[in-house]
4 protein chains.
Amino acid sequence: MPVGFVQIPVGIAGPLLLDDYEYSIPMATTEGCLVASTNRGCKAIYASGGATSRLLKDGMTRAPVVRFGSARRAAELKFFMENPDNLDTLAVVFNRSSRFARLQSVHCSIAGKNLFMRFCCSTGDAMGMNMVSKGVQNVLEYLQNDFPDMDVIGISGNFCSDKKPAAVNWIEGRGKSVVCEAIIKEEVVKKVLKTSISSLVELNMLKNLVGSAVAGTLGGFNAHASNIVSAIFIATGQDPAQNVESSHCITMMEPVNDGKDLHISVTMPSIEVGTVGGGTQLASQSACLNLLGVKGANKESPGSNSRLLATIIAGAVLAGELSLMSAIAAGQLVKSHMKYNRSSKDVSKIAS
Amino acid sequence: MPVGFVQIPVGIAGPLLLDDYEYSIPMATTEGCLVASTNRGCKAIYASGGATSRLLKDGMTRAPVVRFGSARRAAELKFFMENPDNLDTLAVVFNRSSRFARLQSVHCSIAGKNLFMRFCCSTGDAMGMNMVSKGVQNVLEYLQNDFPDMDVIGISGNFCSDKKPAAVNWIEGRGKSVVCEAIIKEEVVKKVLKTSISSLVELNMLKNLVGSAVAGTLGGFNAHASNIVSAIFIATGQDPAQNVESSHCITMMEPVNDGKDLHISVTMPSIEVGTVGGGTQLASQSACLNLLGVKGANKESPGSNSRLLATIIAGAVLAGELSLMSAIAAGQLVKSHMKYNRSSKDVSKIAS
Amino acid sequence: MPVGFVQIPVGIAGPLLLDDYEYSIPMATTEGCLVASTNRGCKAIYASGGATSRLLKDGMTRAPVVRFGSARRAAELKFFMENPDNLDTLAVVFNRSSRFARLQSVHCSIAGKNLFMRFCCSTGDAMGMNMVSKGVQNVLEYLQNDFPDMDVIGISGNFCSDKKPAAVNWIEGRGKSVVCEAIIKEEVVKKVLKTSISSLVELNMLKNLVGSAVAGTLGGFNAHASNIVSAIFIATGQDPAQNVESSHCITMMEPVNDGKDLHISVTMPSIEVGTVGGGTQLASQSACLNLLGVKGANKESPGSNSRLLATIIAGAVLAGELSLMSAIAAGQLVKSHMKYNRSSKDVSKIAS
Amino acid sequence: MPVGFVQIPVGIAGPLLLDDYEYSIPMATTEGCLVASTNRGCKAIYASGGATSRLLKDGMTRAPVVRFGSARRAAELKFFMENPDNLDTLAVVFNRSSRFARLQSVHCSIAGKNLFMRFCCSTGDAMGMNMVSKGVQNVLEYLQNDFPDMDVIGISGNFCSDKKPAAVNWIEGRGKSVVCEAIIKEEVVKKVLKTSISSLVELNMLKNLVGSAVAGTLGGFNAHASNIVSAIFIATGQDPAQNVESSHCITMMEPVNDGKDLHISVTMPSIEVGTVGGGTQLASQSACLNLLGVKGANKESPGSNSRLLATIIAGAVLAGELSLMSAIAAGQLVKSHMKYNRSSKDVSKIAS
């Protein structure tokens with residue numbers, strides 16, 4: 001069906017030293033300065049001894065909406081679904097959808113006589129939307145026996161919530177929840193990043209916390225997580241439309257060791273990635289996954305490839321935040337956008 | 001600097017009949033069913049006489065954060081910036097950044113002694129972030145004379161708000177604000193979309209309005225605007241990281257003509273696109289813009305190419321919403337994901 | 001310490017027929033038309049056979065913020081807290097704070113090296129903030145043994161979230177989560193409410209769902225829940241500052257029985273009330289609780305008085321929504337505000 | 001119509017030294033410790049030379065929702081309303097509602113073929129909801145001539161947004177927008193507030209900024225603004241249901257003068273108050289307004305009484321934030337709740 005292809009330039013940032021391994025980060029972007037900037041962040045992290053990550057949660061979600069004749073009946077199904085005694089039975093039905101699917105929990109929310117049931121399950125190395133959708137389908141058919149008055153309005157009722165900014169993902173997570181941190185030494189801040197710890201800490205508070213608060217953000221307490229997430233997503237065959245919630249991120253910068261060093265962290269609750277299926281099978285995307293050592297399903301430890309990919313993305317976001325924030329603190333933002341990957345002629349076109 | 005390229009398959013959906021013109025919509029995506037689905041929506045729109053769009057606003061924004069010694073002083077600058085008498089002077093300074101930049105307004109927001117100034121300007125056919133950044137830089141330098149105690153903390157203070165979900169974009173718009181609508185005939189809903197008007201209206205209320213409300217969304221009152229926006233963004237060389245707010249959308253479905261027909265609309269306040277600069281200059285992306293007839297700068301009417309692109313995107317989102325909502329209403333979602341662009345072997349890989 | 005008193009007029013709305021009992025609703029308000037309006041809603045509910053409620057959840061929360069030297073350590077405490085094996089031990093420590101306190105769950109959220117732990121517990125008939133605070137204090141002291149590097153920054157870290165609009169309350173509930181519903185007959189809509197079912201359904205969609213979506217609300221998908229909540233809160237000695245989240249509400253109106261009847265519901269996830277302690281002990285407030293039959297601690301079934309109070313509030317909100325929405329649908333809003341509890345002279349003062 | 005009264009104890013906090021005047025703040029609350037705590041904040045402010053406030057905006061809003069047959073038509077009315085040339089005419093029609101009403105602006109937002117028009121006007125010393133509603137009614141009648149196909153769905157379409165947490169109020173303001181600040185000396189922090197500047201700054205960042213961000217707040221970047229707002233609202237006859245958005249607040253704490261002093265500020269965009277009409281006419285409430293010197297309409301400078309009341313509320317919130325944050329920083333929160341206005345027997349009831 002495809003009539004052709006678009007080509008997106010891929011640059012490599014890194015090495016990113018993360019959890020004692022080195023990674024070369026493939027970034028597909030038409031903004032050359034983005035790779036250069038992330039690269040500088042990687043350099044600063046490397047010179048400071050590397051970054052550390054922790055996976056906090058791993059589960060894909062889908063939430064159908066069903067309707068009853070009364071809120072009373074909707075509440076009965078809610079109580080049924082949330083009863084721990086029933087979870088095992090539901091899991092058996094759900095897990096038939098795939099040998100990797102493992103139902104973890106169901107979070108039900110009522111609006112009148114309508115019930116939204118957010119199923120959460122682990123999905124091996126797949127991003128998992130299809131898997132969870134099939135599992136949900138199984139459960140809905142099963143429930144129809146005991147709740148014959150249940151009217152399935154839609155397999156997705158937006159409480160999932162897929163490809164929309166939603167507090168439920170920000171607060172409860174979707175896909176992989178990751179925190180990543182590094183301690184950047186004072187001399188690295190000065191020499192590599194051309195700024196100071198106090199400037200960075202102050203800018204982070206006023207821009208990433210206060211400015212985002214004033215703007216009424218939802219999960220956007222960062223400088224440009226979306227840039228790095230979408231570049232790696234495209235390079236590695238992820239679904240770029242899921243960038244919306246996958247780039248939810250709060251970036252923190254705090255002085256440590258009596259102000260001598262900078263503690264920086266990114267906390268990202270809903271990184272939705274897989275290393276099998278979808279766009280990961282295309283040749284160039286597959287090569288990028290190979291570069292990171294996370295191609296395909298991990299036979300020994302199902303899911304660990306996709307989890308590793310998520311932590312690498314968080315690590316790259318850490319590098320990206322560090323570098324852009326430094327550029328802003330040093331007053332370089334406008335200039336850096338003019339320099340890379342564009343002839344002066346092109347710049348004049350854009351900017352004149 | 002790029003070390004290579006990733007290739008994204010491009011499919012063509014359409015013709016989309018929009019404002020009496022026909023457009024073939026290039027979509028870069030690894031999800032084959034997305035193109036097929038959007039195509040079906042285009043077919044339904046075509047059979048119903050086409051869609052209509054209106055551009056509601058056109059202005060790119062950038063909001064630096066500056067700090068004073070007191071809130072009193074921050075308020076003085078706020079009053080100065082918002083005084084209509086000063087706007088002309090500020091515009092002269094700002095507009096030096098480009099012959100296309102035209103300052104429209106400055107919205108100031110205070111947090112204690114810190115001031116966020118959201119500059120909004122038209123940017124011709126460029127997406128305009130660089131242009132507006134340079135204009136802001138000009139104004140900041142100019143202001144330093146009268147406000148020597150103004151401390152520029154950052155050229156971007158996140159009240160812009162770029163690449164983050166933020167209420168300020170949802171409410172005041174960023175880039176192009178567009179509404180697009182169509183009236184779909186009953187027989188088209190039945191024959192092309194395989195569902196009924198009442199099912200669609202009900203699903204739209206329970207999923208796109210209520211489900212999104214329950215999930216605590218910000219601007220995500222739709223089914224999958226992000227899918228269509230990101231596919232066209234990648235095909236036409238836009239910045240896919242801006243998909244975050246460019247896919248803000250409220251989808252409405254209302255019965256009209258005594259329930260015989262369906263009125264569907266999408267309202268999208270912050271579509272950020274350009275037809276010059278950035279990724280639009282690459283060969284394949286340039287070809288996709290050409291296919292739509294919006295490549296490059298419009299000499300006669302600067303900005304009209306990028307505005308047309310924005311309305312086409314909204315039109316394609318309309319088609320995408322119509323089709324996916326119909327599939328969900330008809331209970332086809334899981335099946336359609338299994339069918340396209342994947343061999344049965346691939347499907348088993350994903351789903352087993 | 002008090003130097004005096006302010007007097008707030010109390011009106012009685014009702015009887016509210018809820019779950020087969022009749023309640024006279026005390027409302028403390030200076031807006032006379034509010035009582036009259038709620039009364040009309042009660043009348044419509046009564047004439048239609050009454051309303052039904054369901055309590056969905058009951059648990060008060062408090063979330064301290066603690067800090068570690070690294071995100072890695074914060075994650076370790078998170079895993080410890082969320083390990084089901086540890087919950088029993090933590091509960092024993094927590095529950096020492098009161099014989100009514102029963103720890104239900106702890107939801108941990110990380111931001112870099114900082115950890116927010118949202119403790120949720122049942123609190124008998126008390127609203128429970130003090131009880132849960134003391135329980136949290138106990139647990140923090142206990143944890144200090146195993147996590148000596150844990151730095152308690154504050155007993156409340158705003159992830160609770162008390163007296164602020166916050167998605168975490170909207171999505172996970174705080175205090176009592178209640179849904180209340182009624183089916184209003186067509187003739188009642190016509191004769192008592194002076195409007196039509198179709199007008200109400202349409203207004204509810206465009207105002208309470210779409211208008212609130214456009215305004216970027218959080219949990220405010222209703223017409224005026226806050227009016228009823230605050231009036232009953234003040235009458236019954238609740239904390240009126242908690243009105244902020246206690247009035248989170250989504251109001252749904254759907255035609256049923258082939259459009260002959262109207263199904264109306266209110267879903268309110270975070271009603272924070274108690275029938276002992278605080279302002280409930282004052283004479284007039286105590287009398288109002290007595291009027292509802294929920295004064296003091298329920299000896300036989302601890303907590304059932306406060307839970308009943310929550311459902312009554314939801315029922316009164318149902319009545320209030322029904323009546324105001326009808327007034328708006330019938331175009332009466334401006335007029336009704338002019339009529340009650342004000343002499344014509346007063347009106348001229350307000351309005352001239 | 002009222003059947004009786006509830007009595008709320010009133011305590012006096014202060015003197016609050018604000019903009020060189022001293023105010024005694026009446027607070028109606030059943031939480032005795034709230035007055036004591038606010039009083040301590042006032043004392044710290046006094047000892048540091050007082051607080052300063054700035055009124056940033058003054059305008060009440062109401063947003064009807066109207067519907068057309070097409071989005072195209074809705075857009076036409078939007079363009080008409082937002083055309084500066086038409087504002088004068090609209091203002092003449094609008095302002096007939098009252099000699100104090102002055103239309104300032106109309107902000108239109110579209111959702112498909114539905115249009116929400118947010119009228120903003122100054123309202124003298126009245127809170128102004130009735131005044132603005134009447135003005136809106138006038139304009140709607142006027143528009144019906146030129147837009148006969150306009151269907152008025154409701155005089156309020158929730159884009160106002162009244163008594164609901166909504167981003168539109170947070171970003172554009174409603175009622176009075178106020179910023180208030182003070183510089184607290186190091187020795188005052190130590191002796192009066194029993195904590196340190198660094199502890200306060202850190203707690204403010206982690207609780208009021210980060211914790212609120214993690215909780216997904218909307219405009220709730222503070223510790224307990226709602227407590228102070230509701231206490232003064234009840235004392236002075238304001239509408240306590242408007243506490244929801246009137247307590248939107250971002251509290252900032254920054255070290256100044258090389259860390260020797262603390263700069264604290266509260267920014268509150270939507271304080272909705274009046275000094276005439278509604279509950280302000282009742283005897284005790286009227287006395288409380290008198291105590292503040294803001295009773296009734298200001299003849300010389302209409303609106304200045306209500307504006308002064310708004311700044312006093314912001315000043316009291318400043319005091320309240322300062323004191324509670326200090327208590328939390330010093331680890332005193334649980335204890336202070338046990339001490340005031342309750343016998344030990346009462347405490348045991350609440351807490352046992």
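If you're wondering where the values come from, they're calculated on a predicted model, not measured in any experiment. We name chains A, B, ... by the order of the sequence lines, and we start the count at 1 in each one.
At distances below 3.5 Å, at least one donor-acceptor pair connects side-chain atoms of D:Gln285 with backbone N or O atoms of C:Gln7. No donor-acceptor pair closer than 3.5 Å links the side chain of C:Lys164 to the backbone N or O of D:His224.
Between chain C and the options D:Leu206, D:Val229, D:Val136, D:Val65, the largest number of non-hydrogen pairs under 4.5 Å is found for D:Leu206. For the set C:Asn227, C:Ile171, C:Asp162, the count of heavy-atom pairs under 4.5 angstrom toward chain D peaks at C:Asn227. With chain D as the partner, the residue from C:Ser284, C:Gly274, C:Ala329 showing the most heavy-atom pairs under 4.5 Å is C:Ser284. Counting heavy-atom pairs closer than 4.5 Å to chain C, the top-ranked of the candidates D:Met127, D:Met325, D:Arg67, D:Met27 is D:Arg67. For the set D:Leu282, D:Asn222, D:Thr280, the entry with the most heavy-atom pairs within less than 4.5 Å of chain C is D:Asn222. By number of non-hydrogen pairs under 4.5 angstrom with chain C, the leading residue of D:Ala297, D:Ser199, D:Ala223, D:Gly128 is D:Ala223.
Interface residue D:Ile8: backbone and side-chain heavy atoms are both found under 4.5 Å from chain C. At a 4.5 Å heavy-atom cutoff, D:Asp125 makes no contact with chain C through either its backbone or its side chain. Contacts of C:Cys160 with chain D are absent, with no heavy-atom separation under 4.5 Å from either backbone or side chain. Heavy atoms closer than 4.5 Å to chain D are found in the side chain of C:Asn114, but not in its backbone. Neither the backbone nor the side chain of C:Arg118 comes within contact range of chain D; no heavy atoms are under 4.5 Å apart.
Taking both residues in full, the closest heavy atoms of C:Val244 and D:Ser226 are given as CG2-OG, 3.5 Å, listed atom of the first, atom of the second, then distance. Of all heavy-atom pairs spanning C:Leu203 and D:Gly154, the tightest one is CD1-CA, 4.2 Å.
For D:Phe159, the ring-ring contact (aromatic ring centres under 6.0 Å, His included) criterion is met by D:His107, not counting sequence neighbours. By the side-chain contact (heavy atoms from CB on, under 4.5 Å) test, D:Leu291 is found to be paired with D:Ile12, D:Ser24, D:Pro26, residues two or more places apart in sequence or in another chain being considered.
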Could you walk me through whether C:Ser230 and D:Asn243 pass the side chain to side chain contact (heavy atoms under 4.5 Å, CB included) check?
CA-CA 9 Å; C:Ser230 63; D:Asn243 173 37; over 6 Å; no

Please walk me through it: do D:Cys288 and C:Val6 pass side chain to side chain contact (heavy atoms under 4.5 Å, CB included)?
CA-CA 9 Å; D:Cys288 286; C:Val6 285; 4.2 Å; yes

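Residues of residues 233-240 of chain D lying within less than 4.5 angstrom of chain C, judged on heavy atoms, are D:Ile234, D:Ala235, D:Asp239, D:Pro240 in numerical order.
Here the side chains of D:Ile153 and C:Lys207 are not in contact, with every heavy-atom distance at 4.5 Å or above.
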If you look only at distance, which donor and acceptor atoms sit under 3.5 Å apart when one is on a side chain in residues 210-221 of chain D and the other is two or more places apart or in another chain?
unit_1	atom_1	unit_2	atom_2	d
D:Ser212	OG	C:Asn158	ND2	2.9
D:Ser212	OG	D:Asn208	O	3.3
D:Ser212	OG	D:Gly220	O	2.9
D:Thr217	OG1	C:Pro165	O	2.5
D:Thr217	OG1	D:Gly220	N	3.1

